[in-house]
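Before any comments, here is the structure.
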Protein chains: 2
Amino acid sequence: MSAVEVLASVDIVALRLAPDLQGLQVLLHRREREPHRGQWALPGVIVNGSTPDNSLDAAAERALREKAQALPRHMEQVGTEGNAFRDPRGWSLSTYYLALLDPAQSIEAEQLAFFDLDSLSTRKVLLPFDHGLLVQRTCERLAAKSLYSSLPLYLLPTRFTVLDALSAAQACLGRPVNNTSLRKRLERLREAGWVRDTGERNQPRLGRPQQLYEHLPQGVGPFLFERSLLPEA
Amino acid sequence: MSAVEVLASVDIVALRLAPDLQGLQVLLHRREREPHRGQWALPGVIVNGSTPDNSLDAAAERALREKAQALPRHMEQVGTEGNAFRDPRGWSLSTYYLALLDPAQSIEAEQLAFFDLDSLSTRKVLLPFDHGLLVQRTCERLAAKSLYSSLPLYLLPTRFTVLDALSAAQACLGRPVNNTSLRKRLERLREAGWVRDTGERNQPRLGRPQQLYEHLPQGVGPFLFERSLLPEA
DNA sequence: AAAATAGTGTCTATTAGACAATATGTC
DNA sequence: GACATATTGTCTAATAGACACTATTTT
């Protein structure tokens, strides 16, 4: 790479709810090339004059589509990290995206797997480059937005229960969420046409059946509430 | 430029309060090179393997320092726009930053000037590349954050009056802000140690003198409030 | 005294949070 | 009926917004 070049890539932090609904998992891909060949890293693509994509967003969609064979329920750019040290090949840039997947999202490929976010934050799994930082920043963005928006719902299938929504919010925020507050938010969403009560029920093993709601996003971004779910308190 | 290259730059959307406190102005630079030579555009620098900067943030600071000869009161990355069309030279990326300047910020250079944001949004002034879009996105970010944070205070000198704070908030949001609400926020900031009553006064031409407050940022980002200003009204 | 501007106090509306009360299912 | 879980209702706390009222200065 000559001095006037720069290595630009798009990396995807694709998250899904763990099967037990107790936390989040990130999609990783085993690298096929150097550097860091064989290690688990964020899926991504290089962008330059010969990419088939017309835009960064398109490159991000392709990166995820080629790996996960599925569309995310939500995708947004989080930021760009660029410096002289993050890649041994030289000055490089990574524009990274948050993608929220349906929990039913399964992965066929050998070289793809979901890892618990816990195992990354506790340093049990270490990612190459600065991918650990990108994941951390992305989770911070998710948590910050979850305080005052409906973003956690994009981690659920379109049909969900109140308990699902509570689990999703708690996974995003990393702490317990008040049941009453969450129900009131769902009621607000219902009034705004963002959520519909299907009238159907889901029977848990024991106890009263749960109402099944349907998520009907009305815009490009999530619904914004006027108050934060109080972080400290 | 070969097909495997990409043109990466950092562009700065540096804003200050207009002298009459009634709106915002953006710092523009008259381009010395092609393409779009001679046109007013966002100040920026190219980043690649031969840049003297070790990081994007450092490049952003340098871009502003070399033009404005001053440090901003606040700077944050807003996003990255990248596609095959925005620059006639080929696939290009621009990571753009929001910078908030002291209103006393003056400019010596011939090739630098502040332009009213109004003249851009009304299409009286047209910027080259997609710089108009970058400015718009940046202003949207500023407005969104101003709803629930102390960000507008970074458009003021450290010593300011309630009226200054109100003007700054209104300029960021593009609409009137409730006087009582703003005063209560300042009171909250005072309790949190983010603002101090200096005890000094400022005597306007007529009427009761104004208390002079001092802005004492306590962290890297702005103070976050728990509710939004002006939900929709 | 009048005018102008700054600052305070009071009341309402909205919404998060705590928690009690009630509903509806399984065993 | 006992138990488990879901849902509803009631009360409190925090904070934005409307607006009346008071304070301090110049002319």
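We name chains A, B, ... by the order of the sequence lines, and we start the count at 1 in each one.
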Selection from dA6(C), dG17(C), dA16(D) that lies nearest to any side-chain heavy atom of K184(B):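 When the side chain of K184(B) is considered, dA16(D) is the closest of dA6(C), dG17(C), dA16(D).
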Selected nucleotide, minimal atom distance to E226(B) side chain, candidates dA14(D), dG17(D), dT26(D):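 Of the options given, the side chain of E226(B) lies nearest dA14(D).
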How close or far is atom [atom2] of [N] from atom [atom1] of [X], stated in whole angstroms?
X	N	atom1	atom2	value
N178(B)	dG7(C)	CG	C1'	14 Å
R227(B)	dA13(C)	CZ	P	13 Å
R190(B)	dG7(C)	CZ	C1'	14 Å
Q210(B)	dA23(D)	CD	C1'	14 Å
R205(A)	dC3(D)	CZ	P	15 Å
E191(A)	dT14(C)	CD	P	11 Å
L186(B)	dA16(D)	CG	P	11 Å
Q211(B)	dT25(D)	CD	P	12 Å

Touch class at under 4.0 angstrom, heavy-atom based, for R183(A) against every strand present: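 Counting heavy atoms under 4.0 Å across all strands, the contact made by R183(A) includes a base.
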Sugar-phosphate, base or nothing in reach of P204(A), heavy atoms under 4.0 Å: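 Result for P204(A) = nothing.
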Which residue lies more 5' along DNA chain D, comparing G207(A) with T180(A) via nearest heavy atoms: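 Comparing both residues, the 5'-ward one is G207(A).
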If the cut-off is 4.0 Å, is [X] near the phosphate of [N], judged by side-chain N/O to OP1 or OP2?
X	N	answer
Q203(A)	dG25(C)	no
R188(B)	dT15(D)	yes
R208(B)	dA4(C)	no

L206(A) or S181(A), whichever maps to the more 5' nucleotide of DNA chain C: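 It is S181(A), whose closest nucleotide lies nearer the 5' terminus.
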5' priority, DNA chain C, between N179(B) and V177(A) [closest heavy atom]: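 Checking each residue's closest nucleotide, the 5'-ward one belongs to N179(B).
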Aromatic ring pairing H74(A)/Y154(A), orientation class (parallel under 30°, perpendicular over 60°, tilted between):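 Rings of H74(A) and Y154(A): tilted, as their planes differ by 30° to 60°.
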Cation-aromatic face contact R137(B)/Y96(B), 6.0 Å, 45 degrees: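 Relative to the ring axis of Y96(B), which defines the angle, R137(B) lies outside at least one limit.
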Flag for D164(A)-S167(A): side-chain donor and acceptor within less than 3.5 Å: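 D164(A) and S167(A) do not have a side-chain donor-acceptor pair below 3.5 Å.
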Between N202(B) and T161(B): side-chain donor-acceptor atoms closer than 3.5 Å: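 Per modelled atom types, N202(B) and T161(B) side chains form no pair under 3.5 Å.
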4.5 Å side-chain heavy-atom contact, R183(A) and E187(A):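 Not in contact.
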